Visitor: 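First, the structure itself, so that you have it in front of you.
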Amino acid sequence: MPIHTQRHDAVTVLTIDRTHRRNALDLETLEELHAAVVAAVDSGARVLVLTGAEGHFCAGADLKELEDVSFTERLAQVLRHLAAVPITTIAAISGSCMGLGMQLAVACDLRVVDGDARFAVPVARLGLMVDKWTLDRVARCWGEGAARHMVLTAAVLDGDDAWRLGFAQVRGDLDAAVELATATARLAPLTQAGSKAGMLAGPGPDPDYEAAFARAWASEDLAEGQRAFGERRSPSFVGR
């Protein structure tokens with residue numbers, strides 16, 4: 001199986017394991033990854049960590065799958081779903097993070113980057129294009145200058161660039177990502193889900209965000225947070 005799932009209490013770690021292709025994805029693996037994300041959310045995970053086996057995050061799409069646009073159309077659906085799941089997602093990145101790997105990384109909420117990581121969007125070397133959603137996410141996560149540098153010149157950036165430009169939130173390996181995920185899983189899930197939805201929404205008022213705002217302010221978790229603060233203890237949030 002090219003996708004391995006490990007559960008650590010409220011944290012689920014998904015590992016891409018196609019090491020013979022530096023974890024590049026074909027359609028079958030893409031579908032398995034999507035199914036694993038759905039299963040993690042349905043099973044009650046509060047944080048999802050996505051990583052790759054044996055030193056590489058994901059080297060891109062298996063080029064054998066790029067004979068027509070159908071693969072990219074399905075990829076777009078999977079990426080949008082990953083970006084919108086109501087739990088926090090963390091990409092734990094080492095080694096190659098190219099093309100589709102970059103798309104997975106920018107679909108996640110946070111990124112933990114190891115020192116040997118390398119990043120690229122090498123579409124200009126192949127004569128293809130990524131969708132507008134990907135361009136927007138790369139620009140949002142890296143900054144427009146770095147995004148243009150990678151997309152237009154096929155530049156390869158490194159872990160220091162990722163840290164300097166704000167793409168990485170934490171420096172470290174998978175253990176560091178799991179540590180971040182474990183701490184994050186203790187926080188209020190309604191607040192996290194609602195805040196994430198608000199950041200995904202466009203500018204201006206958004207009814208879904210307003211509904212999430214109202215739920216959080218009327219929740220048992222808010223009362224628990226207030227009690228815990230007054231009692232000088234850690235809160236125990238339940239997501240309602």
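Since the model is a prediction, treat every value here as computed from it, not as a measurement.
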Visitor: Flag yes if more than 12 heavy atoms outside Arg125 fall under 6.0 Å of its CZ atom; otherwise flag no.
Guide: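 Counting other residues, nucleotides and ligands, CZ of Arg125 stays at 12 neighbours or fewer.
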
Visitor: Keeping Thr134 on the side-chain end and Val130 on the backbone end, is there a donor-acceptor pair under 3.5 Å?
Guide: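 No, the answer is negative, given that no donor and acceptor are paired below the 3.5 Å cut-off.
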
Visitor: Not counting sequence neighbours, which residues clear side chain to side chain contact (heavy atoms under 4.5 Å, CB included) with Arg137? List them please.
Guide: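 Testing Arg137 for side chain to side chain contact (heavy atoms under 4.5 Å, CB included), a comparison that skips the adjacent residues, returns Ala83, Val106, Trp133, Leu200.
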
Visitor: Could you check whether any side-chain N or O of Thr182 sits under 3.5 Å from a backbone N or O of Val178, counting only pairs where one atom can act as donor and the other as acceptor?
Guide: yes

Visitor: For Arg227, check salt bridge (charged side-chain N to carboxylate O under 4.0 Å, His left out) against everything at least two apart and list the hits.
Guide: Glu224

Visitor: Is it the case that the side chain of Arg111 and the backbone of Ala105 share a donor-acceptor pair, with hydrogens and angles ignored and the cut-off at 3.5 Å?
Guide: yes

Visitor: Answer yes or no: is there an ion pair linking Arg18 with Asp62, defined by an N-O contact shorter than 4.0 Å?
Guide: yes

Visitor: Can Ser43 and Arg7 be said to form a side-chain hydrogen bond (donor to acceptor under 3.5 Å, both in side chains), step by step?
Guide: CA-CA 10 Å; Ser43 69; Arg7 187 72 181 261; 3.0 Å; yes

Visitor: Between Lys196 and Pro86 (side chain of the first, backbone of the second, donor and acceptor by atom type, cut-off under 3.5 Å), is there such a pair?
Guide: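 Not a single qualifying donor-acceptor pair exists.
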
Visitor: Just grab all the ring-ring contact (aromatic ring centres under 6.0 Å, His included) pairs involving residues 159-194, residues at least two apart or on different chains.
Guide: Phe119-Phe167, Trp142-Phe167

Visitor: For Asp161, which residues count as a salt bridge (charged side-chain N to carboxylate O under 4.0 Å, His left out) partner, sequence neighbours excluded?
Guide: Arg164

Visitor: Does a side-chain N-to-carboxylate-O contact under 4.0 Å join Glu54 and Arg22?
Guide: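 Salt bridge absent between Glu54 and Arg22.
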
Visitor: Evaluate whether atom CG of Asp136 has more than 12 neighbouring non-hydrogen atoms of other residues, nucleotides or ligands under 6.0 angstrom away.
Guide: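 Check passes, neighbour count above 12.
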
Visitor: Kindly say whether Ile93 contributes a backbone atom to a donor-acceptor pair with the side chain of Asp114 at under 3.5 angstrom?
Guide: no

Visitor: Can a side-chain donor-acceptor contact be found between Asn23 and His56 if the only test is distance below 3.5 angstrom?
Guide: no

Visitor: Strictly distance-based, threshold 3.5 Å: is any side-chain N or O of Thr89 a donor or acceptor partner for the main-chain N or O of Leu48?
Guide: no

Visitor: Does the side chain of Thr88 pick up a donor-acceptor pair with the side chain of Asp109 at under 3.5 Å?
Guide: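 Distance-only check fails for Thr88 and Asp109.
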
Visitor: Test of understanding: with side-chain hydrogen bond (donor to acceptor under 3.5 Å, both in side chains), list the residues that count as partners of Glu144, not counting sequence neighbours.
Guide: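 So Glu144 forms a side-chain hydrogen bond (donor to acceptor under 3.5 Å, both in side chains) with Arg148.
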
Visitor: In this structure, are over 12 heavy atoms from other groups packed under 6.0 Å from Glu179 atom CD?
Guide: no

Visitor: Closer than 3.5 angstrom, by distance alone: can the side chain of Asp116 be matched with the main-chain N or O of Gly95 as a donor-acceptor pair?
Guide: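 Pair found, side chain donor or acceptor close to backbone of Gly95.
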
Visitor: Drop me the distance from Ile3's CD1 to Ile16's CD1, to the nearest 0.5 angstrom.
Guide: 5.0 Å

Visitor: Could you list the residues that satisfy ring pair (Phe, Tyr, Trp, His ring centres under 6.0 Å) with His81, not counting sequence neighbours?
Guide: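 Testing His81 for ring pair (Phe, Tyr, Trp, His ring centres under 6.0 Å), a comparison that skips the adjacent residues, returns His34.
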
